[in-house]
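Since the structure is predicted, the reported quantities are computational estimates derived from the model, not experimental observations. Residue numbers run from 1 in the order of the sequence given.
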Amino acid sequence: MRKTILVLVAAAFFTVCVFVINATAFNPAAGDKTAVDSTSGPIPVLYDPFDRENPVVKLPGIPLTYIRGHDRDTAIYFDGKTYLREPGLTFVPAGKNWIEGTVEFWIKPSAYPVAPHNSYIVLFNWYDSLKPSAGYVGDISLTPEGKIIDSCGWEWGGGNPPSITSASSVPIGTWTHVAIVWSKIEGYTRLYLNNRLDAEIEMYCARGSNGIIYPWLAGYGGYTGAIDELKIYDEPMHPPFYGKPSAYAAKKPVEAYTPKSYKEEYSLGENIRNIPDFKSTPRVNDFAVVIGIESYQSLPGSDYSKSDAGIVKDYLKALGFPERNIEFMTDEKATKSSIEKTIEAWLPNRVKANSRVFIYYSGHGAPDPSKGEAYLVPYDGDPNYLAFTGYSLKRLYEKLGNLPAAEVIVMLDSCFSGSGGRSVLAKGARPLVMMASTGKPPSHIAVITASHGSQISTSSAEKGHGVFTYHFLKAIQEGKKNLADIYETIKPQVEDEAKRLNVSQSPSLTPGMDKVRGRFSLRK
């Protein structure tokens, strides 16, 4: 029986290049309670609404400005290089050595940080210094995937601190309310987005060594976007968080952010991290392998491959793939032995006759000039010894062809010519005029790749993604369901964007459109 197989400047200078901007914030703990309605609930130990004339020192080339636009009046904007220190505050229960309280603020990011680094939104120092320093109690940051992550820093109950990461991504160009609540007594840390509990973990934060904490906005620089209405409380709060200050009591609260249809989300900007609700039924018998290698053991990096793999995984989950059915490997976890084990043991032990399988790889490829074959390059791979350290595409297609599956798609954001981009070459070898042979997959395997021939697979710093992966996911976001429709949509888009980057890149599809159309669906 034939089967089908679908894969983030006080006025004084600390050094020549370091500027710190000091602003006087509303500080109820210091006696300024005019900014907060005391009848509306607990008084923050620190409150900065950023709704006054700009008091900060503006230095040439390093703008830090208040901007109009937040429907609660003004906000403060960071350009990725600036940061701002707020007054120090006591943020621990009397006589205790741990933090119990709440931090809340609004953010409107204009860009996500570039992987693999996060960007600080609020950094808590315990040193009274002119710039953010290494001794910190914790931080609230934005990840390259657009998620909020809270870390307790170096002191946490006597051990290494865990962290809590939001399940949802915050959208670019849209105001989102964030609240982090710590409770040592109840033993939890909770993360809220727009008044909704988004993540929870059993952890608490220890205090700084002198009991005083100095908050920095966009600590060390890196965060790009606006921040508004920073409030810090010395007790755990519960939703609803916003709407308490009397200056805004008459204003309509901003509605909680709820993912809309892809058309509504798309109007906010071309952000593929706004994953639609596909209303997918659980695909309990479907499996996926997602590999993204950005930092190699001894090779140049492959830009955005790790973060691209993470967003691909999120799309697969939204499409109905159970998380337990997705094998996710990035950087040092994607060794040759791990890839072999996953493809040749993990999958065969789970795949059933009615299973659909999706394989995604983002990272370097390499040709073996002596054999003219193409290889995936694992984290520990060496292009000089591909037969021993690489994973050949012929082997990949052979092992996938033996699976008792109904459909499998292989998606490769890589290239195999050795000409650059997401491709490497053995020392002393010349790039191949034609792409190394990837092997011909069985007729029942569909393979979509980022490029063909002597082309390279490239990435876009503007978008923060591989060009091919970005347009592939964007097509799914916009409603494309099967591989033929996706390929037909993205081929001219990838070609056009690559030209703007001075690169020749055209995706390829095997087998051709005539044999793929009507099959290999990603959405039901």
Side-chain angles (χ1 to χ4, degrees), residues 8 25 41-42 44-50 69-72 75-78 83-84 86 91 99 101-113 118-124 137-153 163-183 188-201 203 205 213 215-219 222-245 248 253-259 268 271 273-274:
L8 193 197
V45 294
L46 187 144
Y47 172 49
D48 200 335
F50 308 114
H70 190 184
D71 50 8
R72 292 166 182 266
I76 192 166
Y77 180 79
F78 296 91
Y83 43 84
L84 173 66
E86 296 279 10
F91 192 35
I99 293 171
T102 303
V103 175
E104 61 164 310
F105 49 85
W106 291 84
I107 59 168
K108 183 181 180 181
S110 56
Y112 294 135
N118 301 330
S119 60
Y120 295 112
I121 302 170
V122 184
L123 173 69
F124 298 103
V137 181
D139 60 79
I140 302 168
S141 303
L142 184 67
T143 73
E145 295 76 30
K147 298 186 177 183
I148 302 296
I149 181 170
D150 168 50
S151 171
C152 282
S163 61
I164 181 171
T165 304
S166 65
S168 306
S169 296
V170 299
I172 287 177
T174 299
W175 284 106
T176 299
H177 184 272
V178 179
I180 310 290
V181 181
W182 299 283
S183 176
Y188 67 72
T189 295
R190 291 174 179 164
L191 194 158
Y192 297 83
L193 297 182
N194 293 319
N195 277 335
R196 294 189 316 218
L197 181 63
D198 193 80
E200 181 175 7
I201 190 173
M203 77 173 190
C205 292
I213 294 175
W216 291 82
L217 298 179
Y223 173 75
T224 304
I227 302 176
D228 201 4
E229 291 191 54
L230 172 69
K231 300 190 203 65
I232 300 179
Y233 299 84
D234 58 2
E235 59 182 281
M237 305 288 287
H238 301 279
F241 296 97
Y242 46 78
K244 290 183 178 180
Y248 304 112
V254 175
E255 293 181 1
Y257 170 70
T258 303
L268 299 176
N271 179 14
R273 291 181 173 88
N274 293 329

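Side-chain N or O atoms of Asp198 include one that pairs as donor or acceptor with a backbone N or O of Ser168 at under 3.5 Å. At least one donor-acceptor pair under 3.5 Å links the side chain of Ser166 to the backbone N or O of Ile148.
Interatomic distance, Ser163 OG to Asp139 CG, rounded to the nearest 0.5 Å: 9.0 Å. Rounding to the nearest 0.5 angstrom, the gap separating the CG atom in Asn195 from the NE2 atom in His177 is 6.5 Å. In this structure, Arg190 CZ and Leu197 CG are separated by 6.5 Å, a value rounded to the nearest 0.5 Å. Here the OG1-CD1 distance, from Thr174 to Ile172, works out to 9.5 Å after rounding to the nearest 0.5 Å. Taken to the nearest 0.5 Å, the CZ atom of Phe241 stands 9.0 Å off from the OH atom of Tyr233. Rounding to the nearest 0.5 Å gives a distance of 15.0 Å between OH of Tyr120 and CZ of Phe78.
Within the 4.5 Å cutoff, the side chain of Leu123 has no heavy atoms near those of the Pro215 side chain. Contact check for Ile227 versus Trp106: no side-chain heavy atoms found under the 4.5 Å cut-off. Side chains of Phe124 and Ile232 form a contact here, defined as non-hydrogen atoms less than 4.5 Å apart. Taking 4.5 Å as the limit, every side-chain heavy atom of Ile121 sits out of range of all side-chain heavy atoms of Leu217. Between Pro109 and Thr224 there is no side-chain heavy-atom pair separated by less than 4.5 Å. Side-chain contact between Ile180 and Thr102 is absent, with no heavy-atom pair separated by less than 4.5 Å. Looking at Phe105 and Val122, their side chains come closer than 4.5 Å, going by heavy atoms from C-beta outward. Within the 4.5 Å cutoff, side-chain heavy atoms of Tyr112 are placed close to those of Leu142.
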For this session: Let me see the working for Tyr192 and Val181 under side chain to side chain contact (heavy atoms under 4.5 Å, CB included), right down to the final yes or no.
Result: CA-CA 8 Å; Tyr192 297 83; Val181 181; 3.8 Å; yes
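Checking Asn118 against Thr143 by side-chain atom types alone, no donor-acceptor pair falls below 3.5 Å. Defined by atom type and a distance below 3.5 Å, a donor-acceptor pair is present between the side-chain atoms of Trp182 and Asp150.
Between Gly173 and Lys108, the shortest heavy-atom distance links the atoms O-CE, 3.4 Å. When all heavy atoms of Lys147 and Thr165 are compared, the pair lying nearest together is CB-CG2, 4.0 Å.
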